[in-house]
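Have a look at the structure below, then the notes.
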Amino acid sequence: MHMLLWIFYLSSYCVLSVNAWYDCPRAVCTSCLSAEIHDAPGVGFDLTPSYGTAVAHYYNGSVVEIAHVQGNSEYLEYMARLVSSPEPQDETKTLPQHIARWLHVSDAWSRKCGRWLLKKLGYSTKDGIEIISDLLRELKDSTEREILQSLDRVAITIPDLSSLRQKTINAALEDLGLRTWLGDSPYYPKRLVEADAVYAANGYGLCKNYRNIFECTDEFEASFASPAVFLVSFSRHLLYTAISTPLYGEALAIVTTDEAQVLDFEFGLDRLFQDDSQALWDRLRQQLLVLPRESEFTVTHIFLAGESATNPRFLAVWKDALSELSPMLSQDSKMTVANSSETLNPTFAAARGAALYSRRRQEVQADCEEPPECEIMRQQGQARSFGKQDL
Ligand SMILES: *[C@@H]1O[C@H](CO)[C@@H](O)[C@H](O)[C@H]1NC(C)=O
Ligand SMILES: *[C@@H]1O[C@H](CO)[C@@H](O)[C@H](O)[C@H]1NC(C)=O
């Protein structure tokens, strides 16, 4: 073989061998998912630093935007604290570890008990898990009312803050009796960041064969694409921008982190209107340009998201900033226009990506591959139950 081709093969092998264990064939499942689980709606939440949204993605492909819940002042303060501190915050109130172990109690119970004790001792402030749980509870309740069944599992997108740990989110879910689709299996992602979810919700980076995790990734490795996704999320309370670079262009893949981000509570829409100073709007415009200007990546995709992204004055500033950006973009970069009818509602874009991820996971087992007979069995099961209804 040609020398260069060998070098090329070797170097791509080195890249791939990082994930080599991950390419091993998986065990064949010994049982099949029930149709009830397989066909259940996928539910996605988007937890932003100031509000949360919920979306359900049904098996038949229908997508419903369910709820948009503002964080209370406690939530906003907590998030502002996370943004200003790069260190993970571990402020959970639990029973001391050794006591919990001795009592053989679950983490959730230990948290409940620890909080109860502290309340008795006169401490009334909530910990981060409780604060997040409060917001998630509202999303959960609205979702259950919409899908007419109890909610068991969700995927949640979160801002890519080093101080916000997936463990905290998962504990908040656990306190509500919910399980997560993130970090539940070594084959699937531990974290879902907003930029990646919005990229997926807009139809990019989605493999066809999602039932087989390796074939899914293989669909992308051949392309050698290297997109850089620029997300601008604008809300009443803050501006959040991020650049992420999905490996080979695959969305919802096992590694999803942002390369760089700006998170600024100074530039929320509320504040901009309250102060109504041109100088503040000008600074917002500068903030919009920071990442693409400084990034080593050439932006290939641009998405607007967030509850205030359709505000006309913001859009005007955004369009103006874009004109300055265009020389820095790749020739054929893809953008969403926030107000056209065929684009997604930016408030729900990230939750849609998360719901899509849940929907896909609903059809596969985490640690094994279903044999083809499973699908046949499910269809027969359905045929039987249809038969009963007909009688
Ligand atoms: C899909 O299923 C949902 C829930 O059962 C239903 O409300 C919706 O109308 C269905 N959509 C289509 C296109 O069949
Ligand atoms: C959407 O954007 C276009 C182009 O900027 C503008 O002309 C139009 O008025 C906007 N429509 C709405 C409903 O805001």
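The first residue in the sequence is number 1, and the count goes up from there. Remember, it's 1-based here, ligands and their atoms both numbered in the order they're listed. Small disclaimer: the values here were computed from a predicted structure and weren't measured.
- The aromatic ring centroids of His301 and Phe230 lie 6.0 Å or more from each other.
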Pick out the protein N or O atoms lying less than 3.5 Å from any N or O of ligand 1, and list each pair with its distance.
residue  : atom   : partner : partner atom : Å
ligand 1 : 2 (O)  : Asn60   : ND2          : 2.4
ligand 1 : 11 (N) : Asn60   : ND2          : 2.9
ligand 1 : 11 (N) : Ser62   : OG           : 2.8
ligand 1 : 14 (O) : Asn60   : ND2          : 3.2

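- Under the 4.0 Å criterion applied to side-chain N and carboxylate O atoms, Asp276 and Arg313 are assigned as salt-bridge partners.
- Each of Glu363, Glu369, Glu370, Glu375 was compared with Arg211 under the salt bridge (charged side-chain N to carboxylate O under 4.0 Å, His left out) criterion, and only Glu363 meets it.
- Applying the ring pair (Phe, Tyr, Trp, His ring centres under 6.0 Å) definition to pairs two or more places apart or across chains, those involving residues 26-46 are His38-Tyr59.
- Residue Gln287 forms a side chain to side chain donor-acceptor pair (under 3.5 Å) with just one option from Asp282, Asp264, Thr241, and that option is Asp264.
- In the model, Glu307 has no side-chain atom that pairs as donor or acceptor with a side-chain atom of Tyr51 under 3.5 Å.
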